[in-house]
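Every chain is numbered from 1, with letters handed out A, B, ... down the list of sequences.
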Amino acid sequence: MTQSDFFSRVYRVVRRIPPGRVTTYGAIARFLGSGQSARMVGWAMNKSYGQTPFVPAHRVVNRNGFLTGKQHFGFSGTMQQLLESEGVHIENDQIPEFENLFWDPLKYLNPDLF
DNA sequence: ACTCTGACGAACC
DNA sequence: TGGTTCGCCAGAG
């Protein structure tokens, strides 16, 4: 594992997502210059458990604001609980305010630094 | 070496 | 409107 590994780059982006905000697998992939690799971002999240520093994977949802990765948080409901503890409202595994809470890496981070 | 499977998303029917 | 295909590519069998 080196600093430039795709997974490491993904983790570094995810760690920058502010509490109470969310982004998408595709947005991260596009930010890293690999727009068609959203699946790899998902795979990276799957392997993010136990990483240090902590990787707030619960702040990454799919492009429609659905908590598609909730099954991977151990007890079903953990992902939702983490988000709600940050003030993110959820209904039926979806974030109604998704469009307002969406945090785009391309808008706040410099790709050259990743 | 080869096939299959995805925490995705866009393009096609 | 909705199901299927396809690009992507790292692991597992």
Which pairs, with at least one residue in residues 79-91 of chain A and sequence neighbours excluded, count as a salt bridge (Lys or Arg N to Asp or Glu O under 4.0 Å)?
-> A/Arg59-A/Glu86
Given the C1' atoms of C/dG2 and B/dA7, what is the spacing between them in whole Å?
-> 23 Å
Between C/dT4 and B/dT5, how far apart are the P atoms? Round to whole Å, please.
-> 16 Å
Quick one: CZ on A/Arg63 to OH on A/Tyr25, what's the gap to the nearest 0.5 Å?
-> 14.0 Å
Protein-proximity profile, nucleotides 4-9 of chain C, B/S/- by nucleotide at the 4.0 Å heavy-atom cutoff, equals ---BBB
Which atom pairs, one a donor and one an acceptor, fall under 3.5 Å between side chains of residues 98-114 of chain A and the rest of the protein, sequence neighbours left out?
residue: A/Asn100; atom: ND2; partner: A/Glu97; partner atom: OE1; Å: 2.6
residue: A/Asp104; atom: OD1; partner: A/Leu106; partner atom: N; Å: 3.0
residue: A/Asn110; atom: OD1; partner: A/Asp112; partner atom: N; Å: 2.9

Taking only heavy atoms on the protein side, list every residue of residues 54-62 of chain A lying under 4.0 Å from any atom of DNA chain B, sorted numerically.
-> A/Ala57, A/Asn62
With sequence neighbours left out, write down each residue that passes side-chain contact (heavy atoms from CB on, under 4.5 Å) with A/Ser34, or none if nothing qualifies.
-> A/Phe6, A/Ser37
Is atom CZ of A/Phe54 surrounded by more than 12 heavy atoms (other residues, nucleotides or ligands) closer than 6.0 Å?
-> yes
Whole-angstrom distance between C/dT5 and B/dC4, as gauged at atom P | 14 Å
Selection residues 29-43 of chain A - residue pairs positive for salt bridge (Lys or Arg N to Asp or Glu O under 4.0 Å), sequence neighbours left out | none
When rounded to the nearest 0.5 Å, the distance separating NE2 of A/His72 from OG1 of A/Thr78 is 12.5 Å
For A/Phe66, which residues count as a ring pair (Phe, Tyr, Trp, His ring centres under 6.0 Å) partner, sequence neighbours excluded?
-> none
First locate atom NE2 of A/His58, then atom NZ of A/Lys70, and finally report the distance between them rounded to the nearest 0.5 Å.
-> 14.5 Å
Just the endpoints, please: which first and last nucleotides of DNA chain B, 5' to 3', lie under 4.0 Å from a heavy atom of chain A?
-> B/dG6 to B/dA10
What distance do A/Asn62 atom CG and A/Gln94 atom CD have between them, rounded to the nearest 0.5 Å?
-> 8.5 Å
